[in-house]
Visitor: 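Here it is, the structure, as structure tokens.
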Protein chains: 2
Amino acid sequence: MARGKIQIKRIENQTNRQVTYSKRRNGLFKKAHELTVLCDARVSIIMFSSSNKLHEFISPNTTTKEIIDLYQTVSDVDVWSAHYERMQETKRKLLETNRKLRTQIKQRLGECLDELDIQELRSLEEEMENTFKLVRERKFKSLGNQIETTKKKELRAEDPHYGLVDKGGDYDSVLGYQIEGSRAYALRYHQNHHHHYPNHTLHAPSASDIITFHLLE
Amino acid sequence: MARGKIQIKRIENQTNRQVTYSKRRNGLFKKAHELTVLCDARVSIIMFSSSNKLHEFISPNTTTKEIIDLYQTVSDVDVWSAHYERMQETKRKLLETNRKLRTQIKQRLGECLDELDIQELRSLEEEMENTFKLVRERKFKSLGNQIETTKKKELRAEDPHYGLVDKGGDYDSVLGYQIEGSRAYALRYHQNHHHHYPNHTLHAPSASDIITFHLLE
DNA sequence: GTGGCTATTTATAACAC
DNA sequence: TGTGTTATAAATAGCCA
């Protein structure tokens, strides 16, 4: 018998509280189940007792994970906000950094020069010249190494048939530029011209040079 | 009047179902609230109607996020894994792209040339020369514009005091080109292992797990 | 989609085993 | 701890606004 009006107030007696928790929990779950069936709704109840024991109810034909996923999608209270927003922010910054890097590369391909002022143009000009020289040097060195290697090889093979200069003149056809990267995106740059290098006696101009940058998104 | 025994079976009448949903939902929430107060428990109810409308109850002094976090920790249901992994993958790709972009810029500054083969060096050399020319042209054009502007200004101001050549002759001493966007990002993952409770199937941890992403500079 | 109303059905507090 | 009983409080279906 429910003797006397029930006070909605914390039950101080530990035992009574525990008993009430158990009974009312069952009542709540029963109601939830009825609601599910009667009204064709999906209900998730997650509860922790004062002693931190977990009990849950979930409507048949669904899962707690589903409900929570849906909850997150539908509600603006994104439950996972702390992590989510931090990761979103990180992503935003990475994309921004990425964008800047792409711009810089474009400028080094001679594009988007409108955005630069005179000082920047001057610096970029200088940079291009410097790097051009560095790369040329490096190329010579690389060529030299290859020639050395080839020379030694040929000597070892006792095969004096080929001349060194001829060997060197054919290098353009030796190596194929390998394009790495699957998801080709962003920027692609094809070049197809001959170039004359006034101070460059060793250079053997190729039929076509192709430079391709595949930048992943 | 509760006329007749209630059948726990889907209410086919759309209107009645809606009304019952509304009323029973309130009843359920009321019960949940009472349980919260009487038994000092924490309850989260998330429900979706048959028309996919979201309704939720959450005990005072807590949040749905708290409950779900705790639920995830205690139960084996990894509620966030899908989102988490998706974002991790995105971040990983962005960082990788970033790294490649940086490498390309470095190569255009004459660094990291060791990684390039002879063909790549040749292409890069050509690129540098081309861009150098383009930038130089652009610079001249820009300078020309400035000189024109200055000339007109001075003519208008009737101030022949300054020579045009002197005006333009000092540009090289101005600021160098700054490469920006060279910040490095890194990701840290902290997780406190929760306690193991051998005798409890489900129990709340005393310390919650924390996942933190640090954006490093 | 609420907010009464009322006859009934349900839930449950207190007690007992 | 759990389970049952019972007097009473609450919930609520159907109806009207």
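What's counted below: heavy atoms across the whole structure, side chains too, no hydrogens, waters or symmetry copies. The sequence lines fix the lettering, A, B, ..., with proteins before strands; numbering per chain opens at 1.
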Visitor: D:dA10, OP1 or OP2 - any side-chain N/O from B:Lys30 closer than 4.0 Å?
Guide: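 Looking at the OP1 and OP2 atoms of D:dA10, neither is under 4.0 Å from any side-chain N or O of B:Lys30.
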
Visitor: Can you check the A:His33 NE2 to D:dA11 P distance for me, whole Å?
Guide: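 Going from A:His33 (NE2) to D:dA11 (P), I get 21 Å.
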
Visitor: Count the heavy atoms belonging to other residues, nucleotides or ligands that lie under 6.0 Å from CG of B:Asn61, then report whether that count exceeds 12.
Guide: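 For B:Asn61, atom CG is not crowded (no more than 12 foreign heavy atoms under 6.0 Å).
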
Visitor: Please figure out whether B:Glu34 or A:Gln18 has its closest DNA chain D nucleotide nearer the 5' end.
Guide: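 Counting from the 5' end, the first nearest nucleotide belongs to A:Gln18.
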
Visitor: Begin with the C-alpha distance, continue with both residues' side-chain angles, and end with the deciding distance and a verdict on side chain to side chain contact (heavy atoms under 4.5 Å, CB included) for A:Leu113 and A:Leu124.
Guide: CA-CA 10 Å; A:Leu113 296 179; A:Leu124 189 56; 4.0 Å; yes

Visitor: So, is A:Lys23 close to the D:dT3 phosphate, meaning a side-chain N or O under 4.0 Å from OP1 or OP2?
Guide: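 Checking A:Lys23 against D:dT3: no side-chain N or O falls below 4.0 Å of OP1 or OP2.
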
Visitor: Write down the distance between CG (A:Leu28) and P (D:dA10), rounded to a whole number of angstrom.
Guide: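 Answer to the nearest Å: 17 Å.
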
Visitor: Any Lys/Arg nitrogen of A:Glu12 or A:Arg10 sitting under 4.0 Å from an Asp/Glu carboxylate oxygen of the other?
Guide: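 Yes, this pair counts.
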
Visitor: Could you check how far CZ of A:Arg25 sits from C1' of C:dA11, rounded to whole Å?
Guide: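 Checked: the CZ to C1' distance equals 16 Å.
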
Visitor: Quick check on the 6.0 Å ring-centre criterion: do A:Tyr71 and B:His55 meet it?
Guide: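 So the answer is no for these two rings.
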
Visitor: Using the side-chain heavy atoms of B:Arg24, tell me which of these nucleotides is nearest: D:dA13, C:dT12, D:dT1.
Guide: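 Of all the options, the side chain of B:Arg24 is nearest to D:dA13.
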
Visitor: What is the distance from CG of B:Asn13 to P of D:dA13, rounded to the nearest Å?
Guide: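 Roughly 13 Å, once rounded to whole Å.
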
Visitor: Assign each of B:Val19 and A:Thr15 to its nearest nucleotide of DNA chain D by heavy atoms, then name whichever residue's nucleotide is nearer the 5' end.
Guide: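 Looking at DNA chain D, the more 5' nearest nucleotide goes with A:Thr15.
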
Visitor: When the distance from CZ of A:Phe29 to C1' of C:dT10 is rounded to whole Å, what number comes out?
Guide: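 So the CZ-C1' distance, A:Phe29 to C:dT10, works out to 18 Å.
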
Visitor: Would you kindly say whether B:Ser44 and B:Glu56 are connected by a side-chain donor-acceptor distance under 3.5 Å?
Guide: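 Absent: no donor and acceptor within the cut-off.
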
Visitor: Within this structure, what is the OH-to-P distance between A:Tyr21 and C:dA13, rounded to whole angstrom?
Guide: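 About 15 Å, once rounded to whole Å.
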
Visitor: Which comes earlier along DNA chain C counting from the 5' end, the contact point of B:His55 or that of B:Lys31, where each point is its nearest nucleotide?
Guide: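 Its nucleotide being nearer the 5' end, the pick is B:His55.
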
Visitor: Report the distance from atom CD1 of B:Ile8 to atom P of C:dT10, rounded to the nearest whole Å.
Guide: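 These atoms are roughly 8 Å apart.
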
Visitor: Is the distance from OP1 or OP2 of C:dA13 to the nearest side-chain N or O of A:Thr20 less than 4.0 Å?
Guide: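 For C:dA13, OP1 or OP2 has a side-chain N or O of A:Thr20 closer than 4.0 Å.
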
Visitor: How many Å lie between CG on B:Asn26 and P on D:dA13, as a whole number?
Guide: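 Going from CG in B:Asn26 over to P in D:dA13 covers 12 Å.
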
